[in-house]
There are 2 protein chains.
Amino acid sequence: MTERAESTDNDPLPAGEADTRRTADSSERAYNTIRKLLVEFTLKPGERINEVQLSRGLGVSRTPIREALNRLASEGFVSLTPNRGFFVRSLSTEGLLDLYELRSIIECAAFKLMCERAEDGEIDRLRQYWEAIVDGYRDQAPDVILAEDEGFHLLIAELSGNPELVGQLASINARIRFIRRIQIEHPSHDKTQVTAHSAIVAAAVKRDAENGMKLLREHIEMTVSATQQALKDALLRVFAPGNGADLKRRRRARDT
Amino acid sequence: MTERAESTDNDPLPAGEADTRRTADSSERAYNTIRKLLVEFTLKPGERINEVQLSRGLGVSRTPIREALNRLASEGFVSLTPNRGFFVRSLSTEGLLDLYELRSIIECAAFKLMCERAEDGEIDRLRQYWEAIVDGYRDQAPDVILAEDEGFHLLIAELSGNPELVGQLASINARIRFIRRIQIEHPSHDKTQVTAHSAIVAAAVKRDAENGMKLLREHIEMTVSATQQALKDALLRVFAPGNGADLKRRRRARDT
DNA sequence: CGTCAAGAAAGTGTCTACACTATTGCGTTC
DNA sequence: GAACGCAATAGTGTAGACACTTTCTTGACG
């Protein structure tokens, strides 16, 4: 558990001290930490999660650990088997496609609704958001790129006027974030994202729902194939022998 | 209060690919029971949830109660405020519209994907499902109608081939189930559902995605206005039984 | 009479302990 | 030597207790 706790996701974690002053966020901290362990493959897909071990590692009791795991189970990160505990859910390539398909559905619908309902000023907020970051976009750190990209798409969802869409998209983002991050760091990552976003903004300004949806769909689908390759590389890296770690040679169903 | 709570809910939350949760013990029972209290308005919208009171009522400790409440929070039934506890989330008319809009988006996308991907035999399963229940459909008890209707729509989601859509739709259904039930019992409930479903099946057999989506959208939107009225009636019934004095006073009815 | 403050009560967040279940290891039997 | 059963161990599920926070009550002061 000796991992630098800097540069987490866009959630500012005050992970400086385990001060007793505010013990009410122990569960929340556990949630963030465990999710990080999951997205970084420290907890490997298919692996059984040992609550006691985790609680020792985080310095809290099992109660907040279990609360966090329950949350993560509701969000699809882990699964719970009755009397055997929590398991890291393996995100297969197939499951990834399903998730991206869902994301495409949600985002296209959001874009259409935005075109129909949003005020001019709101659309302009989208334009401003993108113009403010487009210049140095590619030069940022992967985490920053990821946050800015998610922010862009989430803003579209917000401008749809339907908070449920925002919630759904946020949930989807959380589940594919670690893969997206891997993909951003992958050689296959290129600058098509930038031009795609610009084109989407242009369609939004013209309120051209049809074209915007088409662009969005292509934009999302374009990343899928690249992401598939990135996922394979990542899994290979994690499970590869010589990683100096614990690949137990039990008869384990290959679950990816 | 000590009856096995497995009356209306046929499926808690099949979140996608794996059976994510099945705590066959008191935690699961607490989840089902509390959700029932929520959908029956025994726990009223906006109300603060007292964990101790609940645990006494259910005859278990606070631990499984809290696990259940955390789950319900992840699913949007209740909300959690840091040091003040869980609150019953009020589903405003506006929020209801958002939820139905999301449902329409998911279902239309599922129908389209089904038309593109499903085998002929699968489409036929949908036809068979509907033909098997269409005759006595209107004469069933409200709970049965509700289950059969949800099954119909869920089957479409399944035939889309994307388990994520099934999970999303199931989650949405769980959140609007109590209102749908109210609406079914409401005088405004008519037989347009039956003809709509039949038309949707016909479109599916012809794999007419465009027409089917249009039918679905209309089918869902048609119930919205009726449901709004039903919701108003229900809230009126819950909050104004004569004495408008005590909305928050402790007036705890055991079971009805 | 109203406002505010201090103490009491209620309630949540977390910890520790214990019961019960699943898993592992070992010895017995064929 | 292998399969089976039994004991030992590890691990989850739940209960109850404690600490801290919020909310309510009561009394003093303007």
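A, B, ... follow the sequence lines: proteins, then strands. Residue 1 opens every chain. Not measured: the values here are computed from a predicted model.
Residue-level contact check: A:I49 touches the backbone only, with heavy atoms under 4.0 Å from sugar-phosphate atoms and none from bases.
The phosphate of C:dG13 has OP1 or OP2 within less than 4.0 Å of a side-chain N or O from B:R66.
With rounding to the nearest 0.5 angstrom, the OG1 atom of A:T227 is 11.5 Å from the CG atom of A:D233. Distance check: B:K232 NZ to B:L236 CG gives 10.5 Å after rounding to the nearest 0.5 Å. A distance of 6.0 Å separates CD1 in B:I34 from CG in B:L58, rounded to the nearest 0.5 Å.
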What pairs of nitrogen or oxygen atoms, one from the protein and one from nucleotides 15-19 of chain C, lie under 3.5 Å apart?
residue : atom : partner : partner atom : Å
C:dC15  : OP2  : A:S61   : N            : 2.7
C:dC15  : OP2  : A:S61   : OG           : 2.7
C:dC15  : N4   : A:T63   : OG1          : 3.4

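Between A:N83 atom CG and D:dT12 atom C1' there is a gap of 7 Å when expressed in whole angstrom units. One atom, CG of B:N50, and another, P of D:dC24, lie 13 Å apart when rounded to the nearest Å. The separation between B:Q53 atom CD and C:dA9 atom C1' is 15 Å, rounded to whole Å. Across the protein-nucleic acid pair, B:L69 atom CG and C:dG11 atom P stand 15 Å apart, rounded to whole Å. Atom pair A:R48:CZ and C:dA22:P shows a separation of 11 Å (rounding to whole Å applied). Spacing between atom CD1 of B:I65 and atom P of C:dT14 amounts to 18 Å, rounded to whole angstrom units. Straight-line distance from the CD atom of A:E28 to the C1' atom of C:dT14: 15 Å, rounded to whole Å.
Remark: the backbone N or O of B:N162 is not paired with any side-chain donor or acceptor of A:D98 at under 3.5 angstrom. For the pair B:Y129 (side chain) and B:E148 (backbone), a donor-acceptor distance under 3.5 Å is present.
For A:D149, the salt bridge (charged side-chain N to carboxylate O under 4.0 Å, His left out) criterion is met by A:R180, not counting sequence neighbours.
Among the nucleotides D:dT14, D:dG13, C:dT14, the one closest to the side chain of B:S27 is D:dT14.
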